[in-house]
Amino acid sequence: MKTCRRFTTIRQEFEREIGFLSAHSERHAGRPAAKSSAKHALSAKQHMAKALSRHVGRCPECG
């Protein structure tokens, strides 16, 4: 599937955020902050899927 530059940008921003949250979760394992970061990372993955799906549905270059 060919995608546009905006799709790549959206994906990279979400992946960077997910990476930060996952790293924070690993650094603080066993603490409440780690659990919270892990939940936020999972939520960010779901938001990324929705955002990319929405983008593909609306973008003439990606669709």
Side-chain angles (χ1 to χ4, degrees):
M1 175 173 89
K2 179 155 171 45
T3 57
C4 68
R5 188 178 345 165
R6 180 68 182 140
F7 181 93
T8 304
T9 303
I10 293 169
R11 191 183 78 233
Q12 287 175 345
E13 289 174 4
F14 272 107
E15 287 177 346
R16 184 176 58 224
E17 181 181 354
I18 292 166
F20 289 149
L21 291 168
S22 297
H24 182 268
S25 179
E26 289 175 12
R27 276 195 314 271
H28 298 283
R31 298 176 67 197
K35 188 174 181 180
S36 177
S37 289
K39 285 183 181 180
H40 286 298
L42 181 61
S43 176
K45 287 180 186 180
Q46 293 170 343
H47 287 182
M48 177 177 70
K50 286 182 183 178
L52 293 177
S53 176
R54 193 176 323 122
H55 173 81
V56 168
R58 294 180 179 175
C59 180
E61 192 176 332
C62 293

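Values in this document were obtained by computation on a predicted structure and should not be read as measured data.
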> Would a 4.5 Å heavy-atom cut-off, applied to side chains only, mark K39 and S43 as touching?
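They are not in side-chain contact.
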> May I ask you to check whether R27 and H24 show a side-chain donor-acceptor distance below 3.5 Å?
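Side-chain D/A pair, R27 to H24: absent.
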> Taking all non-hydrogen atoms of both residues, which atom of S25 and which atom of A38 are closest, and how far apart?
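Heavy atoms of S25 and A38 come nearest at OG-CB, 3.7 Å.
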> Could you state the interatomic distance from CE (M48) to CD1 (I10), rounded to the nearest 0.5 Å?
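Reported to 0.5 Å precision, the distance equals 11.0 Å.
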> Which distance, rounded to the nearest 0.5 Å, do you find between the NE2 of H40 and the NE2 of H47?
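The NE2 atom of H47 is 10.5 Å from NE2 of H40, to the nearest 0.5 Å.
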> To the nearest 0.5 angstrom, please state how far the CD atom of Q12 sits from the CZ atom of F7.
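The CZ atom of F7 is 11.0 Å from CD of Q12, to the nearest 0.5 Å.
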> Just by modelled atom types, is the A33 backbone N or O under 3.5 Å from a matching donor or acceptor in the S37 side chain?
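Between the backbone of A33 and the side chain of S37 there is a qualifying donor-acceptor contact (under 3.5 Å).
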> Can you measure from SG (C62) to NE2 (H55) and round to the nearest 0.5 angstrom?
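Answer for the SG-NE2 pair, C62 versus H55, is 3.5 Å.
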> If only atom types and distance count, is the side chain of T9 paired as donor or acceptor with the main-chain N or O of R5 below 3.5 Å?
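Between the backbone of R5 and the side chain of T9 there is a qualifying donor-acceptor contact (under 3.5 Å).
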> Working to the nearest 0.5 angstrom, can you tell me the gap between K45 NZ and L21 CG?
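Nearest 0.5 Å value for the NZ-CG distance: 10.5 Å.
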> Output the distance between atom CD (E17) and atom CD (E13), rounded to the nearest 0.5 Å.
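Answer rounded to 0.5 Å: 9.5 Å.
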